[in-house]
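Counting starts at 1 for both ligands and their atoms, in listed order.
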Amino acid sequence: MARLIFLGPPGAGKGTQAQLLAHLLNIPQVSTGEILRDAVSQSTHLGLKAQSYMDRGELVPDQLILEIIRERLNQPDAKAGWILDGFPRNVAQANFLDQLLEDMGQSYDNAVYLEVPDEVLVTRLLARGRKDDAEDVIRRRLAVYREQTEPLIVFYRGRHQLATIDGNQSPDEVAADLKKLVHL
Ligand code: AMP
């Protein structure tokens, strides 16, 4: 059983590493970004509401995200554990998660911070070529990360539940560090 929160700036490798580790642990990777992109591509009610925020590199309003998470963590496959990738993204979402887990009688093991220097991030993101990876949107996403998401590092460190991993290594090296962290 593992319940992990992946933290880190856009381009840190959260998605890639969360997917790998979730697969190894046989638990779901819960990526709010993926769920939102699916909703946008299917033009659902959620997708229509979320799209303009995503295109600008802004956070989608908490109200929309919190319902997604509540529903997802209540799915049967999430009983075995989960890796949260891209949530929480601000302190309000982190507080919501605490309350939700308390209501569900669960807790998380660690917040895992993938640390990568700024100059590496922009290069990586430009190479990725996703729709929201145009340079101006990248810069906005990094700014939003600094303002709203980075405070979560202090939030989880203060609880002694932050594990920092050097994300400025090859994907294999990062994966090896993560495996060690979960004793695989
Ligand atoms: P990501 O795939 O995690 O980089 O997310 C892509 C985009 O989806 C972000 O730039 C936000 O617009 C939106 N998004 C993903 N997760 C969240 C979240 N937890 N809260 C608000 N917006 C989110």
R130: heavy atom below 4.0 Å from ligand 1, yes or no? yes
Atom 14 (N) of ligand 1: which of I35, D133, L36 has the nearest heavy atom? L36
Looking at side-chain heavy atoms only, is the closest gap between L20 and H23 below 4.5 Å? no
For the backbone of S107 and the side chain of R3, can you confirm whether one donor and one acceptor N or O come within less than 3.5 Å of each other? yes
Test D103 against Q99 for side-chain hydrogen bond (donor to acceptor under 3.5 Å, both in side chains), laying out the working first. CA-CA 6 Å; D103 293 347; Q99 188 60 52; 3.1 Å; yes
Under 4.0 Å between heavy atoms, the region of R141 that gets near ligand 1 turns out to be side chain
Going by heavy-atom distance to atom 22 (N) of ligand 1, choose the closest among V40, V60, V137. V60
For Y53, does the six-membered ring have the charged nitrogen or CZ of R56 within the cation-pi criterion, i.e. under 6.0 angstrom from the centroid and within 45° of the normal? yes
How does Q51 reach ligand 1, by side chain, by backbone, by both or by neither, if only non-hydrogen atoms under 4.0 Å count? neither
Does I35 offer a backbone N or O that forms a donor-acceptor pair with the side chain of R72 under 3.5 Å? no
Looking at F6, is its backbone amide N or carbonyl O close enough to the side chain of K14 to form a donor-acceptor pair, meaning the two atoms are under 3.5 Å apart? no
Is a side-chain donor or acceptor of N110 paired with a backbone partner of L4 at a separation under 3.5 angstrom? no
Closest approach of any protein heavy atom to atom 9 (C) of ligand 1, naming residue and atom: R89 NH2, 3.4 Å
Exactly one of D98, T149, D62 should register a side-chain hydrogen bond (donor to acceptor under 3.5 Å, both in side chains) with Q93. Which one does? D62
Please state which part of I65 comes within less than 4.0 Å of ligand 1, counting heavy atoms only: side chain, backbone, both or neither. side chain
Atom 11 (C) of ligand 1 - nearest protein heavy atom and its distance: E58 O, 3.5 Å
Distance check, rounded to the nearest 0.5 Å: S31 atom OG versus L36 atom CG? 8.0 Å
Measure the distances from the heavy atoms of E34 to every atom of ligand 1 and state whether one is below 4.0 angstrom. no
Report yes or no: does Q17 contribute a side-chain atom to a donor-acceptor pair with the main-chain N or O of G13 at less than 3.5 Å? no
Where is the nearest protein heavy atom to atom 17 (C) of ligand 1: which residue, which atom, and how far? T32 OG1, 3.6 Å
for atom 7 (C) of ligand 1, nearest protein heavy atom and its distance come out as M54 CE, 4.0 Å
Considering both backbone and side-chain atoms of D132, is one of its nitrogen or oxygen atoms within less than 3.5 Å of a nitrogen or oxygen in ligand 1? no
Judging by distance only, is a nitrogen or oxygen of P88 under 3.5 angstrom from one on ligand 1? no
Any atoms of ligand 1 less than 4.0 Å from a non-hydrogen atom of R37? List them with their elements. 2 (O), 6 (C)
Within a distance under 4.0 Å of any heavy atom of Q93, pick out the atoms of ligand 1 and give their elements. 18 (C), 19 (N), 20 (N), 21 (C)
